[in-house]
Amino acid sequence: MLWINIDKSSDIPLIRQIYEQVRTGILSGEIKAGERLPATRELASELKVSRNVILEAYEQLYAEGYIESRQGSGTFVTEGLLWEQASIEPPLSLIDDAESKNTESDIIDFRSGIPDLHLFPKKIWGKLSQSVYNESTSSAFGYGNPEGRLELRQALCNYLLKTRGVRCKPEQLVITSGATQALSLVAKLLISPGDEVIIEDPVTHEIQTIFSSAGASLCPIPVDAYGMKTELISKYKKPSFVFVTPSHQFPLGGILPVQRRLQLIQLARTSGCYIVEDDYDSEFRYNGTPISSLQGLDPSKAIYIGTFSKNLSPALRLGYLILPFQLIERCRNLKWFTDLHTPSLEQLTLARFIEEGHLERHIRKMKKIYQKRRETLIKCLELYFKDSINILGDATGLHLIGEFIAIKFSDEVMNKILKHGVRVYPVELHTIKKSIHLNKIIMGYGNLTHEEIKEGIKRLSMALNKK
């Protein structure tokens with residue numbers, strides 16, 4: 001007789017309990033190949049369940065090939081099903097590393113690129129979202145086009161022309177699941193193994209990984225207070241593309257002047273390559289109006305990447321690519337193979353959010369808030385570190401750079417800072433050529449209150465032995 005233990009109080013149906021135990025026994029070898037199973041009436045009587053329960057469990061095992069029926073002889077275990085079980089590993093934590101860091105309530109985290117998550121316009125977004133769900137036709141609930149909803153692409157064309165000087169038509173846009181997917185699509189579009197890619201140094205480590213994983217040979221160009229030093233790119237004759245963050249270089253914060261922008265465009269025209277422009281947080285410019293895009297100077301040679309992770313919320317996972325016409329069809333196909341399309345209902349909600357002016361109002365509101373936090377951070381750094389620090393790249397965005405005169409942020413120093421309850425980020429993490437920016441740290445302030453900023457800099461001062 002089979003040893004089967006059933007629990008009639010369990011939420012798992014009896015059929016499933018019996019099926020699972022017999023299946024596990026067969027695969028583990030506890031129930032041998034060719035072994036005859038008990039008749040359904042016999043097993044039902046033993047387990048005190050309906051015969052129909054046993055019949056259905058057997059039928060499932062038979063349908064999946066675990067057992068076979070021999071006319072006049074009964075039911076037997078199929079031959080050749082012994083399966084060596086993989087060793088059982090300890091269960092993974094349900095909270096990943098990034099999320100667990102967020103649970104460290106006493107850590108003041110100066111992470112860059114995160115907007116104030118408490119001030120997301122939930123009421124407006126919720127109202128618009130409800131309207132979209134109630135008013136959309138059935139087509140919005142089906143499969144969409146890989147390039148995204150026309151409503152959002154049209155709204156973005158109008159918005160970007162007015163605010164960033166981007167010149168494009170709706171058919172040039174591909175809506176993506178954030179800037180990371182946009183960058184991955186660019187890599188698939190333009191990189192073949194061994195291709196040279198001209199890239200800023202330092203630049204986001206994730207971007208380095210995306211391009212190098214696609215087979216690119218990275219050609220780092222150092223940056224100064226004005227962004228990429230474009231006079232150094234002439235030695236590369238046939239790059240696949242040039243990657244820049246011209247409106248707010250990440251991480252050092254420089255703004256690329258028009259002379260350097262024109263040099264890049266000239267390189268693109270003479271070499272036949274493209275310029276990939278990542279415009280990740282340029283709306284938040286604190287002195288004057290936002291800098292116009294490089295794409296607006298020559299839309300035929302520039303690929304423009306934007307995201308709503310910095311000005312609204314990373315949770316939306318909404319970004320976009322603006323492509324020269326000759327790349328559109330290939331990019332649409334790549335997007336389709338990647339994930340079919342970005343969620344349609346969120347796109348429709350965002351389109352209304354933009355069309356009704358909510359995005360511009362939200363950015364104006366947040367710009368005032370971030371400017372005050374920036375001022376608080378600068379005042380605190382100057383108070384505690386006086387002449388021993390230079391502040392760089394603070395004119396735009398949600399972070400600035402602290403350049404310390406006599407400190408190198410080694411692993412030992414970083415651990416000491418963390419023990420004082422502060423998390424900061426060395427620029428060196430994002431460098432290609434090492435040991436040039438050891439005295440610089442990235443300090444984000446978008447998701448910190450004034451009190452957290454003040455306390456964080458006080459702790460940083462204590463960690464670095466400042467009075």
State, yes or no, whether a side-chain contact exists between [X] and [Y] at a heavy-atom distance under 4.5 Å.
X	Y	value
Leu161	Arg167	yes
Asn52	Ile15	no
Ile233	Cys219	no
Lys440	Leu392	yes
Phe120	Leu312	yes
Phe141	Tyr133	yes
Arg373	His450	yes
Cys168	Leu173	yes

Is the closest basic N to carboxylate O distance between Glu135 and Arg352 below 4.0 Å?
yes
Tell me whether Lys169 is salt-bridged to Glu171, with the criterion being a basic N under 4.0 Å from an acidic carboxylate O.
no
Once you round to the nearest 0.5 Å, how far does [atom1] of [X] lie from [atom2] of [Y]?
X	Y	atom1	atom2	value
Ile363	Glu283	CD1	CD	4.5 Å
Leu429	Ile442	CG	CD1	7.0 Å
Ile198	Phe241	CD1	CZ	10.0 Å
Thr396	Ile255	OG1	CD1	4.0 Å
Arg23	Ile18	CZ	CD1	15.5 Å
Ile6	Arg16	CD1	CZ	16.0 Å

Above 12 or not: heavy atoms from other molecules or residues under 6.0 Å from [atom1] of [X]?
X	atom1	answer
Tyr226	OH	no
Asp411	CG	no
Gln130	CD	no
Tyr62	OH	no

Going by atom types only, do [X] and [Y] share a side-chain donor-acceptor pair under 3.5 Å?
X	Y	result
Lys434	Thr431	yes
Gln172	Tyr304	no
Gln181	Asp339	yes
His362	Asn311	no
Thr245	Glu200	yes
Gln263	Gln259	no

Of all heavy-atom pairs between [X] and [Y], which one has the smallest distance, and what is that distance?
X	Y	result
Lys310	Pro115	O-CB, 3.2 Å
Tyr320	Thr176	N-OG1, 3.4 Å
Val427	Ile401	CG2-CD1, 3.8 Å
Thr349	Ser129	OG1-CA, 3.6 Å
Val174	Pro146	CG1-O, 4.1 Å
Leu460	Val422	N-CG2, 4.0 Å

Given the rule in the side-chain contact (heavy atoms from CB on, under 4.5 Å) test, do Phe308 and Leu359 qualify, once you have shown the distances and angles that lead to the verdict?
CA-CA 10 Å; Phe308 293 93; Leu359 179 60; 3.8 Å; yes
Has the side chain of [X] got a donor or acceptor atom that lies under 3.5 Å from a matching backbone atom of [Y]?
X	Y	answer
Glu360	Gly357	no
Gln347	Thr342	yes
Gln17	Asp7	yes
Glu151	Ala351	no
Lys367	Arg285	yes
Ser240	Leu190	yes
Arg361	Glu356	yes
Arg153	Pro170	yes
Tyr19	Glu56	no
Asp281	His248	no

Kindly indicate, with the supporting measurements, whether the criterion side-chain contact (heavy atoms from CB on, under 4.5 Å) is fulfilled by Arg149 and Ile175.
CA-CA 8 Å; Arg149 297 289 305 196; Ile175 305 302; over 6 Å; no
Criterion side-chain contact (heavy atoms from CB on, under 4.5 Å) on Ser234 and Gln266, from CA distance to verdict:
CA-CA 10 Å; Ser234 58; Gln266 186 59 39; over 6 Å; no
For the residue pair His430 and Phe250, does the interplanar ring angle fall in the parallel (under 30°), tilted (30 to 60°) or perpendicular (over 60°) class?
perpendicular
Between Tyr280 and His399, what is the ring plane arrangement, given parallel below 30°, perpendicular above 60°, and tilted in between?
parallel
After noting the C-alpha distance and the side-chain angles of Glu64 and Gln60, does the key distance pass the side-chain hydrogen bond (donor to acceptor under 3.5 Å, both in side chains) rule?
CA-CA 6 Å; Glu64 295 181 16; Gln60 185 66 34; 2.4 Å; yes
Let's go through Phe337 and Leu334 carefully: what are the C-alpha distance in whole Å and the side-chain angles of both, what is the deciding distance for side-chain contact (heavy atoms from CB on, under 4.5 Å) to 0.1 Å, and is it a yes or a no?
CA-CA 5 Å; Phe337 282 116; Leu334 283 171; 5.6 Å; no
Which one of Asn439, Ile391, Leu252 satisfies the side chain to side chain contact (heavy atoms under 4.5 Å, CB included) criterion with Glu403?
Asn439
